[in-house]
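When a residue number appears, it is its place in the shown sequence, counting from 1.
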Amino acid sequence: MTVENSIVQHALTVYHDLSTATKATLAISIAFILYRLLFRHESTRRKELPAWGPIEMGLVMYLLDGARNGIVYRVYSAIRRYGGSFYGISSANQTLIGYEDVDRLFSSQMNHALSIEWHGYGLFLRFFGFPDTPTLKKKVESTFKPWHSPIERVFNNDAGATAAFERGNLPKIVSEFVSFSQEKEKMKRWELRADIKVIKQGEAVEANLSALIMDFGACFTIPPIFGHDLLDRNPHLIEDIWKFDHVVPLLFINMPTWAPFKVMKEGIEARKRLLAGVEAFSRRVTQFQRGEKVDDGADISDVSDVVLERNTALERNEWSYQERAASELLVLFASNTNTQPVLFWLILYIYSTPGLVNTLRQEVAPFITLSDSHHDKKGITAINTSGLSRECQLLKSIILETLRLAFGAVSTRFVKRPITVQDGNHNHKLYPGTFLSVPHSFFQRDPSLYPDPHKFVPDRFLETDPSSGKLVAKYGKLRPWGAGASMCRGRVFAEKELMAIGAALVTLWDISPVGGGEWTVPEMVGGPGPVKPKEEVRVVIKRRVFGGVSSSE
């Protein structure tokens, strides 16, 4: 044991022996010291979410999830600024828990008072280390609408999302989900981190399911938006996205980048490589748009209109290539770090729930066109995504249940103008320069809303439609995409991705735990946002045999 470990172990032992009151006092004191050290330079009137806010939100959720008669809860309740559903200590940020009218509060009618614009600007500064300057503020203000319009049109519009989805050519790549090879030259990009081990050549492999599924989802998502050049030219791009994702929570609370943590060092190095790769890509896109010779003779012709329109807006407003790289990395990051972990949990829940694979195969079969070749081992030639969305209500319910268990959205708004919020018997007056944050995940494991809340129940969200008498999947009080008019801009594309990849994998592949026997669902870590598995899930993957008995049946 090292000296450092010995000291930590001794400190934990001493802490464990303290009285409850002393522990509470010590915890509050440490929190106050951290606040003073890390956040003392923050102004409550800056148009940037105070870094103390996320920590305070976590504390509130922890306190409200436990007994309400503890000393820490009583101290916190005594010092919070407002009452009712508002749990912030300072005026800079208020955490709303149990506020019934969040959708109306965050609706389009309230946009004159509440905005997401400056919250995004604050994250831009925090994640990428840009200085807060009047010039950059002006660029963001003038670019905000043309910057987001292409995203809305593609990721949050059914026709646009369908077109982008089809460019990803899921039928082809899902048929190549496993190459049955351990030679890197023969493996697909998404297999490289999965620690593939061939059990029987051409028939079965072992793999790490989380790495395989997440990288597969990324390899499907990136080319329809950015084309193939960005992914092909940056061999460590996907791995660097996940490494950068590990430090985002630390950057979110203003942890200095020089903090002596391995995860911080690796994450900042990954960010540096990502920015360099996307900056070079932005130069090539600009050269392509100008009709100039493209660096390295790169083929940029398959980049989407989203990238072209955003780059035009950024160039018109005189964004440097370094600033453009950060801007486009946000899109690259957001379109993968939320959806791909959820996709992993979706696949794990489907295959680990007895009988569910066969039930889903029957439900999705009418919307999956199979090839006639290879006799009992088939591929997919077409996927009817509209039919899946319209008719496959069990699959949709499974996705909602996965989101309930594995994803927690947070809605944050910047107060632009004075506003009074009615909260039961309370009227809260909020001032410009402050923030509201709503952690929607707080009630996702509430037994009064969801019986057996820690259990995966596939049909939990199915309800009988009174007009048709059919079972339909409904969100109810679940808010995985946030609330109000400015919900997640990628939710339509994300829903299509989860439904289609889930249906396609179930149709073509058998997945079982290594060694056979019962599945073990790993403990979840992290949050808010998507949770991660505490450890990898090692599986055996085989191609489904049609006309015979598969290993999942």
Side-chain angles (χ1 to χ4, degrees), residues 165-224 228 231 238-239 336 339-352 356-358 360-361 364-365 367-371 373-383 385 388 395 496-514 519 536-546 550-553:
F165 194 89
E166 290 176 352
R167 287 198 299 273
N169 199 3
L170 180 61
K172 180 179 186 299
I173 69 171
V174 80
S175 299
E176 302 169 346
F177 180 57
V178 171
S179 62
F180 298 103
S181 176
Q182 290 180 222
E183 299 179 40
K184 288 190 174 182
E185 299 77 21
K186 296 181 180 179
M187 294 168 70
K188 297 300 180 182
R189 178 71 172 269
W190 54 82
E191 295 180 275
L192 297 177
R193 288 194 318 117
D195 191 19
I196 298 289
K197 178 183 177 182
V198 176
I199 300 174
K200 189 173 183 181
Q201 190 63 45
E203 293 190 20
V205 300
E206 285 186 11
N208 291 334
L209 187 63
S210 174
L212 182 66
I213 292 293
M214 288 175 61
D215 287 11
F216 178 81
C219 286
F220 169 75
T221 301
I222 294 171
H228 288 83
L231 196 56
I238 296 175
E239 184 177 5
N336 286 284
T339 308
Q340 311 319 339
V342 173
L343 179 61
F344 156 72
W345 290 108
L346 174 69
I347 298 305
L348 178 61
Y349 281 132
I350 288 174
Y351 280 92
S352 65
L356 189 54
V357 168
N358 292 328
L360 276 182
R361 283 174 174 170
V364 305
F367 311 101
I368 306 286
T369 303
L370 297 172
S371 64
S373 58
H374 306 297
H375 305 291
D376 56 349
K377 296 181 179 179
K378 300 180 182 294
I380 293 176
T381 59
I383 300 174
T385 56
L388 287 173
L395 176 57
K496 287 183 179 294
E497 180 177 349
L498 292 170
M499 290 202 76
I501 293 180
L505 286 174
V506 163
T507 297
L508 289 188
W509 299 93
D510 289 331
I511 303 176
S512 57
V514 166
W519 282 87
E536 260 293 359
V537 179
R538 194 72 176 164
V539 297
V540 174
I541 303 174
K542 300 178 181 179
R543 192 179 293 276
R544 179 188 176 190
V545 177
F546 291 80
S550 73
S551 61
S552 291
E553 295 178 348

Checklist line | Partners passing side chain to side chain contact (heavy atoms under 4.5 Å, CB included) against Pro341 (at least two apart in sequence or in another chain) | finding: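 For Pro341, the residues satisfying side chain to side chain contact (heavy atoms under 4.5 Å, CB included) (neighbours in sequence not counted) are Met214, Pro530, Lys532.
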
Margin query: Restricting to side chain to side chain contact (heavy atoms under 4.5 Å, CB included), what partner residues turn up for Ile368, sequence neighbours left out?
Written below: Val364, Leu370, Ile380, Ile383, Ala503, Thr507

Checklist line | Non-neighbouring partners of Thr221 that pass side chain to side chain donor-acceptor pair (under 3.5 Å), sequence neighbours left out | finding: Gln340, Glu497

Margin query: For Glu191, give me all partners under side chain to side chain donor-acceptor pair (under 3.5 Å), at least two apart in sequence or on another chain.
Written below: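 Applying side chain to side chain donor-acceptor pair (under 3.5 Å) to Glu191 gives Ser179.
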
Margin query: Listing request: all ring-ring contact (aromatic ring centres under 6.0 Å, His included) pairs with a residue in residues 199-220, at least two apart in sequence or in separate chains.
Written below: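 Listed once each, the pairs are Phe165-Phe220, Phe177-Phe216, Trp190-Phe216.
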
Next item on the list: Scan residues 192-214 for pairs that pass ring-ring contact (aromatic ring centres under 6.0 Å, His included), counting only residues two or more places apart or in two chains.
Entry: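 Every candidate ring-ring contact (aromatic ring centres under 6.0 Å, His included) pair involving residues 192-214 fails, so no pair, neighbours aside, qualifies.
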
Listed by chain and number, what are the salt bridge (charged side-chain N to carboxylate O under 4.0 Å, His left out) partners of [X], not counting sequence neighbours?
{"X": "Lys186", "result": "Glu183"}
{"X": "Glu239", "result": "Lys243"}
{"X": "Glu176", "result": "Lys172, Lys188"}

Note to self: Treating Glu206 as the side-chain partner and Ile199 as the backbone partner, does any N or O pair qualify as donor plus acceptor under 3.5 Å?
What the structure shows: no

Note to self: Is it the case that the side chain of Ser210 and the backbone of Glu536 share a donor-acceptor pair, with hydrogens and angles ignored and the cut-off at 3.5 Å?
What the structure shows: no

Next item on the list: Output every pair passing side chain to side chain donor-acceptor pair (under 3.5 Å) with a member in residues 193-204, not counting sequence neighbours, ordered by first then second residue.
Entry: Arg193-Asp215

Notebook entry, point to check: So which heavy atom on Ala204 is nearest to which on Val540, and how close?
Noted result: CB-CG1, 4.4 Å

